[in-house]
2 protein chains.
Amino acid sequence: MTETPHDISERAQHMLKVLIDRYIRDGQPVGSRTLAREAGLNLSPATIRNVMSDLEELGYIRSPHTSAGRVPTVQGYRFFVDTLLKVQPLDSLSVEQLRAEFDMSMAPKELIEATSGLLSGITHLAGVVTLPKHEQAIFRRVEFLPLSEKRVLAILVTSKGEVQNRIIATERQCSASELQQASNYLNEHFTGKDLTAVRDTLLRDMQEARSTMNHMMATAMQMADQILEQNRNEGYVMAGQTNLMEFHELCDIDKLRNLFEAFNKKREILHLLDLCVHGEGIQIFIGDESGYHTLDECSMVTAPYQIDGRIVGVLGVIGPTRMAYDRVIPIVDATARLLGAALKQKD
Amino acid sequence: MTETPHDISERAQHMLKVLIDRYIRDGQPVGSRTLAREAGLNLSPATIRNVMSDLEELGYIRSPHTSAGRVPTVQGYRFFVDTLLKVQPLDSLSVEQLRAEFDMSMAPKELIEATSGLLSGITHLAGVVTLPKHEQAIFRRVEFLPLSEKRVLAILVTSKGEVQNRIIATERQCSASELQQASNYLNEHFTGKDLTAVRDTLLRDMQEARSTMNHMMATAMQMADQILEQNRNEGYVMAGQTNLMEFHELCDIDKLRNLFEAFNKKREILHLLDLCVHGEGIQIFIGDESGYHTLDECSMVTAPYQIDGRIVGVLGVIGPTRMAYDRVIPIVDATARLLGAALKQKD
DNA sequence: CTTGGCACTCTCAACTATAGAGTGCCAGCG
DNA sequence: CGCTGGCACTCTATAGTTGAGAGTGCCAAG
């Protein structure tokens, strides 16, 4: 009982936990009377008040105003998730139900989209999943198909079942056999090679010999670039933004607007997700910890997902700081595992 | 001066136009004094009041309350856009600027997305573009690539430069030559044929001869179905929803939420867009004309876009009833033409 | 037909009063 | 020494009040 880790008695910790639990449940500042009832310690409100005063001094809670109970501070939430929260992994039944949601016949991109929808659906928050980045994309095949006179459809297939296509405008009409020749050349020389290597070789080839296939090759290279770029850090897929409108702490139209615009611009969010991919395991940003003002009232819970033990992306949810961390964390964790497993099978 | 089309004097019409113009500009109910100043008719507010009273009786305008000036009713807007508004086509400079925004090297899907972004960007409203439906999709090529032991990547290319891919789980490992054989068979027999015909033939073939390629063929058929389905009425792409948060008449968080959820669900919007594709030319739904409650405060301006004279989709914008129709209509119109032209070149 | 005048209505913003919630502090008690 | 009830105090949220301002409708006169 006299053990005081972090300068805060066990009793105070328990009260902090109860307070935050309660606040997360109904969003109202918690007063001493409520807490006295809830804490199950048979203490009078006056006693609770003393403890709350201490907690306030330590920066874990604060009053919105003189007479309004206490709400957790960012620091309070931080302490809560770091040491007060006992997260237990999802029970196996739930995991199975979750697993059933993954349709294995989906192409990677669709799978990503479905996963973000899944996250938002289960948590009632906004779900987000980054596109997987593959350190090395393998050139698998390229195909050129004539569309009309001077238009050629180029299709590039890489490992992981990714397909990229784009339309090339050629300066003159290319015969089918010419196109065939070009694709044959590329397929013969490069199949199975790393895409960056292919890119470099192509670049060199094009400088050395200005072949008639230059245009085709340039396009192939462009597509390779596009895939590489996309695989580096292209973007993310988001779902369930509208869920965030339900929380009254975010009901300020301007905040909401800024938030949604940040989602659209992607840059800031992407940077945060990038931080998450480097940290190990579950990462949580609470309120202004992110450093981005638009996310001041929000928290983000993320987990990296991996294929064959290599981290290739991050997924998670964004919601108000006042989110049910204990419920959300295991879900995010499990989903990350399942997505990794689902993607692995595409290899 | 005594000509009274629709039971409403020319003077009254002019006033209605000025009133609506003014209301569209700043969103405040317009009073008699303001209108007297604005109308340029050298009439006293009292006179204006008489006319406004008539207009109110006819249902074109109404007062939010006793002392608040008048705002247009849906019927007022309807009369405004149908007979009061002289829409002049976009000047050629603007059209050229607009045309420059279309990047011809984009694949159709990207082009659609870019176009909806373009619409929302220019109008500061929400832009929406349906995916083009092609009455007849032509089978162009199919390709099967082995991914891992029992996984095959299938790629189906149709006319219009559309590429569909999906991953097949095979019950046993297929050799490269087997796959090659399958694709060769399909390509030889079906290239250039209508996709529905291909589908039917495949269905018959599969019943007759249970070949080893059944699985492959079934998948090809699935993909064909998918493309056909998508081309029938799949969906739409939307951009700039956040723009709608700027309008104070939509600032009610619940309305906004419902609106955004309608956008996500797509069904209702899709139904409206479908109506627009059948009517000729520019279509405008004002307020509750749509029949959907969530769109009560919104208007939708759409134009079908065509390829080779055949209407294949609709695009437009969604915004508050109080939108600058005179500016929006020509933009929607021109964009529809340009998108059609841009898509035509993919053929 | 148009106009100025005038009484009337309604909203909006500012202000006031009050009830309720919660605190901090203190003195007393085990 | 920690816990407790009591009490004065503070602050918010809500309702009610008021006055200014805007706009109307109507009327009688030009």
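The basis for the numbers below is simple: all heavy atoms, side chains too, and nothing from hydrogens, waters or symmetry mates. Chain letters run A, B, ... following the sequence lines, proteins first, then strands; residues in each count from 1. The model shown is predicted, which means the values in this text are computed figures rather than measured ones.
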Value in whole Å for how far the [atom2] atom of [N] lies from [atom1] of [X]:
| X | N | atom1 | atom2 | value |
| --- | --- | --- | --- | --- |
| A:Glu56 | C:dG22 | CD | C1' | 12 Å |
| A:Ile48 | C:dT23 | CD1 | P | 10 Å |
| B:Asp54 | D:dG25 | CG | C1' | 13 Å |
| A:Met15 | D:dC3 | CE | C1' | 12 Å |
| B:Gln28 | C:dT11 | CD | C1' | 13 Å |
| B:Asn50 | C:dC1 | CG | P | 10 Å |
| A:Glu57 | C:dT23 | CD | C1' | 15 Å |
| B:Leu43 | C:dC1 | CG | C1' | 10 Å |

Quiz item: If you find the nucleotide of DNA chain C closest to B:Thr47 and the one closest to A:Arg33, which residue's nucleotide is nearer the 5' end?
Solution: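 Taking each residue's closest nucleotide, the earlier one in sequence belongs to B:Thr47.
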Exercise. Can you label the angle between the A:Phe80 ring and the A:Tyr325 ring as parallel, tilted or perpendicular, going by 30° and 60°?
Key: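 It falls in the perpendicular class, over 60°.
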Phosphate OP1/OP2 of [N] contacted by [X] side-chain N/O (<4.0 Å):
| X | N | result |
| --- | --- | --- |
| A:Ser32 | C:dT23 | yes |
| B:Ser44 | C:dT3 | yes |
| B:Arg49 | C:dG4 | no |
| B:Arg70 | D:dT24 | yes |
| A:Thr66 | C:dG22 | no |

Quiz item: Can you tell me if B:Arg257 uses its side chain to pair, donor with acceptor, with the backbone of A:Thr242 under 3.5 Å?
Solution: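 Pair found, side chain donor or acceptor close to backbone of A:Thr242.
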Quiz item: Between B:Leu273, B:Val314, B:Thr302, which is the residue that forms a side chain to side chain contact (heavy atoms under 4.5 Å, CB included) with B:Val128?
Solution: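 The side chain to side chain contact (heavy atoms under 4.5 Å, CB included) with B:Val128 is passed solely by B:Leu273 among B:Leu273, B:Val314, B:Thr302.
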Quiz item: Does B:Pro29 reach the side chain of B:Pro64, with side-chain heavy atoms less than 4.5 Å apart?
Solution: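 Yes, close enough: below the 4.5 Å cut-off.
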Of all the nucleotides listed ([options]), which has the minimum atom distance to the side chain of [X]?
| X | options | result |
| --- | --- | --- |
| B:Ser67 | D:dT12, C:dT11, C:dT9 | C:dT9 |
| B:Ser53 | C:dT9, D:dG25, D:dT24 | D:dG25 |
| B:Arg11 | D:dG23, C:dT2, C:dT11 | C:dT2 |

Quiz prompt | Partner residues of A:Asp254 under the side-chain hydrogen bond (donor to acceptor under 3.5 Å, both in side chains) criterion, sequence neighbours left out | solution =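 side-chain hydrogen bond (donor to acceptor under 3.5 Å, both in side chains) list for A:Asp254, sorted by chain: empty.
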Quiz item: So which one's nearest nucleotide on DNA chain D is more toward 5', B:Ala46 or B:Ala68?
Solution: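 First, find each residue's nearest nucleotide; the 5'-ward one identifies B:Ala68.
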